[in-house]
2 protein chains.
Amino acid sequence: MGSAPYSSAANQLSTLLADEPSGPSIQVAIPGPKAKAVADDLNAVFDTRALNMVADYRKSHGNYIVDPDGNVLLDVYAQIASIPVGYNNPALLAAAQSEEMAQALINRPALGNFPSVDWADILRSGILKVAPPGLDQVFTALAGSDANETAYKAAFMWRRQKERGGPSVEFTEEEMNSAMVNHGPGAPDLSILSFKSAFHGRLFGSLSTTRSKPIHKLDIPAFDWPRATFPEIKYPLEEHAEENAKAEAAALAEVEDLILNFHSPPAAVVVEPIQSEGGDNHASPAFFRGLREVTRKHGVLMIVDEVQTGVGATGKFWAHEHWNLPHPPDMVTFSKKAQTAGYYFGNPELRPNKPYRQFNTWMGDPARALLFRAIIDYIQKNDLVAQTARVGDYLFGKLEKLAAQYPDQFANLRGKGQGTFIAFDNPKRDAFLAKAKTFGVNIGGSGANAVRLRPMLIFQEKHADILIDALEKIVKSL
Amino acid sequence: MGSAPYSSAANQLSTLLADEPSGPSIQVAIPGPKAKAVADDLNAVFDTRALNMVADYRKSHGNYIVDPDGNVLLDVYAQIASIPVGYNNPALLAAAQSEEMAQALINRPALGNFPSVDWADILRSGILKVAPPGLDQVFTALAGSDANETAYKAAFMWRRQKERGGPSVEFTEEEMNSAMVNHGPGAPDLSILSFKSAFHGRLFGSLSTTRSKPIHKLDIPAFDWPRATFPEIKYPLEEHAEENAKAEAAALAEVEDLILNFHSPPAAVVVEPIQSEGGDNHASPAFFRGLREVTRKHGVLMIVDEVQTGVGATGKFWAHEHWNLPHPPDMVTFSKKAQTAGYYFGNPELRPNKPYRQFNTWMGDPARALLFRAIIDYIQKNDLVAQTARVGDYLFGKLEKLAAQYPDQFANLRGKGQGTFIAFDNPKRDAFLAKAKTFGVNIGGSGANAVRLRPMLIFQEKHADILIDALEKIVKSL
């Protein structure tokens, strides 16, 4: 038991990278005839209007994604930041082909009722091995949205338990009856505070805390929950220290005001270390320490949403490790590069006072937990978090030079010291992203104008060079 | 392409059943020492208070679940009705060990942006092959809760589009600005109507439509959405036809009244064919036809939640096929025995007018879609829906005899003609379920007093005989 049964040879990063294409290669304009045929066929049964490109994953390898027309692109978008260690990674393939994985796939348990004999071991040798400092328990979920929503539920139950007088105080008849018709006091008038431009998911509770773009929210009923201003930071950070500090102090004051005065009191504040969908908006470690302080002061929980920032991309396993918090967050949510999802917590009081309050049929997926274990092993054995920190610094240095040369095209360059989690603004962003494909690079955007770089953890200096070369060609062509 | 690469020999039901234990076998009282040790160990990192029994899935087979102490139980609960064709089914094992599955596991795409070349084929040769009549498109999700919530989102967007004047009418500035602060008109005051005792999931939107038990809802903020009475039916149905018809007419009148007069107008009505978590509450096909009529009359969508009833257990692939609806439901949601999730729809207008409105990173899981394809193949090749109808009739006949002998112990026996989707009430229900394990049967409950039978689709007459024998022993021992 413990680690997945793959050979140490297959485990080497060098093996994976040696088999990569030597660089991008564009055979036909994208989408080519084969990609078009696939998309047309798919459109009959599945909405394809968000289609970016069709991929042939059998032929994709490492940092490179391949399309059905044979085009090979360096992929620094990586399935919206969710591929951790490359396409067709042999170590993950070995885990996927293990007897344990087949078992997990075909005998999927209702984990809360009928856990398997090895579930504790799967958690300890995987998900919990990378638990953020101070957090030693986990609730497993399926994707970022339900990870956040179950964390919110834990926060509401914790808050009401405290108000009620502790775990042993029974629910009143009035609470039980009113809950069944969605009224207070059983369905309480409490809230989750989130920030302007935040993204926390798209189901009804998580979407109520998402504040990224109207298109994400229009026509969907939402809870009347409070929204605080996320500090509007200027870059480079070093040159705007004073005004940025003022913006952060103002944002913290607004948070405190909303905690004290919003009509529906927040049980928790949810925050991303870097607002990822909202445009790669940063704040300083001091801001987050301040947020920890103000939430603790008022008995409000702090939930750190690491769905996009987690699992190494910022040069720490968890981005909030950059903050040196004196007290850990109350909950940290994860998904994407973990290939599974859930939330970590440390305080036993975040287990609700009775069973079946935080529960569902599957409560996660052991097959995906096994894959995360293999990902963690691979990251640790190949020291990929440190590599990402190093390569990020290298890439950022190159980007600074490009930005000096083309200041309008690489505006507000940000993410220094944050691994490869780097972004910049471009005035013709959508054209920039489309043009990138013609130069063999798959890149994503975020917010209104940002180009966001989200390479995998196997991205090295040589890939950074290819990327930098392509970026210059793109801006010259625009 | 098309079907998964397994041999026709491995595909045979007889192979699976020949390898089953000959019957239950209880070695030590449950939980035995090994199960206790596993539970204690797990409890340190994972909430185990809902634990029913620890399982050793490697040793479980077909209809039988095995625990770490070597106890063998006939499993008619099947992971809360979610194991379709038996533990360690060799056909599913072959699918799990296929190259295609390994690919799907390790190269998980963001399906809306970067679908794989074979995604249309995976859908057509699997999920869509069993689409309910009239519904030819699918939105894939991960579990029952998000399947329902994405269906609700589709309903809200459809409704507002209709109110706005069609897909080409642009959003107003006011809508876009108000949506960002969770207020109307952008975040509209619309609702989903559900029924008393319904269960539709546990995230914030789905939980607002769940009306099963206070423990599911307490302390969680909820939308003020309408709840209609589910007809309170008396059993056996034949003996109470007249009063049941009256109860159903009253419920339909209440639905119509809520549609017309509730302060937050319903965009959709969501209903389970049999209220499964709520206590196995049935209504007649005429009631559901009436519901289809009243929803169509008022331009309200009808969402049929087949998360628990779907995939064969009622003797039809979809339980709503029992109703002979003149017009299909607008959406049908699925999960559990499908081992994946989502909703079917037929009306192209249920695709929102713009991309990225119904979207998330993964939008389902191709690995789980491949497993559903193998499940569908297995069900069809072994004619398991027809078998379930036949075995259900056999089992119901035996239960009627038991009920005649012990009328108080098998009260309100229900599910006649509904395959093996059978339930009865017992005055000492919880003791009944605990005692069942001592006689080698794993059974679940629902609602306040119901014992619900949820065998897999490979349950045969010989298993029914074992179950009936155990049931008699249980009631004699109580």
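Computed over heavy atoms, backbone and side chain alike; hydrogens, waters and symmetry mates excluded. First the proteins, then the strands, lettered A, B, ... as listed; each starts at 1. On a predicted model such as this, the values are computed, not experimentally measured, just so you know.
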Notebook entry, point to check: Any side-chain heavy-atom pair from B:Ile106 and A:Asn89 closer than 4.5 angstrom?
Noted result: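 In short, these two side chains do not touch, never coming nearer than 4.5 Å.
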
Against chain B, work out which of [options] has the most heavy-atom pairs shorter than 4.5 Å and name it.
| options | answer |
| --- | --- |
| A:Phe223, A:Phe359, A:Phe139 | A:Phe223 |
| A:Ala102, A:Ala131, A:Pro109 | A:Pro109 |
| A:Ala55, A:Ala96, A:Pro84 | A:Ala55 |
| A:Pro348, A:Pro68, A:Ala120, A:Ala39 | A:Ala120 |

Interface moiety of [X] toward chain A, non-hydrogen atoms closer than 4.5 Å:
| X | value |
| --- | --- |
| B:Gln97 | side chain |
| B:Ser208 | both |
| B:Glu175 | both |
| B:Leu105 | both |
| B:Arg227 | side chain |
| B:Ser212 | backbone |
| B:Asp365 | side chain |
| B:Val181 | both |

For [X], is it the side chain, the backbone, both or neither that has a heavy atom under 4.5 Å from a heavy atom of chain B?
| X | answer |
| --- | --- |
| A:Pro185 | neither |
| A:Ala104 | backbone |
| A:Glu163 | neither |
| A:Phe46 | both |
| A:Leu51 | both |
| A:Asp189 | neither |
| A:Lys34 | neither |
| A:Asp136 | backbone |
| A:Leu128 | side chain |
| A:Ile83 | side chain |
| A:Arg159 | neither |
| A:Leu93 | both |
| A:Thr361 | both |
| A:Asn353 | backbone |

Next item on the list: Would you please name every residue forming a ring pair (Phe, Tyr, Trp, His ring centres under 6.0 Å) with A:His216, sequence neighbours left out?
Entry: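 Only A:Phe199 meet the ring pair (Phe, Tyr, Trp, His ring centres under 6.0 Å) criterion with A:His216.
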
Working to the nearest 0.5 angstrom, can you tell me the gap between [X] [atom1] and [Y] [atom2]?
| X | Y | atom1 | atom2 | answer |
| --- | --- | --- | --- | --- |
| B:Asp224 | B:Ser191 | CG | OG | 8.5 Å |
| A:Asn107 | A:Ser116 | CG | OG | 9.5 Å |
| A:Glu149 | B:Glu149 | CD | CD | 5.5 Å |
| B:Leu111 | A:Leu42 | CG | CG | 9.0 Å |

Where is the tightest heavy-atom contact between [X] and [Y], given as atom of each residue plus distance?
| X | Y | result |
| --- | --- | --- |
| A:Ile220 | B:Met157 | CD1-CG, 3.8 Å |
| A:Lys217 | A:Leu207 | NZ-O, 2.9 Å |
| A:Thr209 | A:Ser194 | O-OG, 2.8 Å |

Check: Parallel under 30°, tilted from 30 to 60°, perpendicular over 60°: which one fits the rings of B:Tyr87 and B:Tyr57?
Finding: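 Ring orientation, 0 to 90° scale: tilted.
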
Testing the 3.5 Å rule here: is there a donor-acceptor pair between the side chains of [X] and [Y]?
| X | Y | answer |
| --- | --- | --- |
| A:Lys59 | A:Asn88 | no |
| B:Thr210 | B:Arg202 | no |
| B:Ser206 | B:Tyr152 | no |

Item checked: Top contributor to chain A contacts, counting heavy-atom pairs under 4.5 Å, from B:Ala155, B:Gly205, B:Gly444, B:Pro188 ->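 Greatest number of close heavy-atom pairs with chain A: B:Pro188.
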
Next item on the list: Evaluate side chain to side chain donor-acceptor pair (under 3.5 Å) for B:Arg351 paired with A:Asn43, printing each intermediate quantity in order.
Entry: CA-CA 11 Å; B:Arg351 284 191 183 186; A:Asn43 185 52; 2.9 Å; yes

Note to self: Assess the residue pair B:Arg108 and A:Ser82 against the criterion (side chain to side chain donor-acceptor pair (under 3.5 Å)); give the C-alpha distance rounded to whole Å, side-chain angles, the decisive distance to 0.1 Å, and a yes or no.
What the structure shows: CA-CA 8 Å; B:Arg108 187 173 188 175; A:Ser82 72; over 6 Å; no

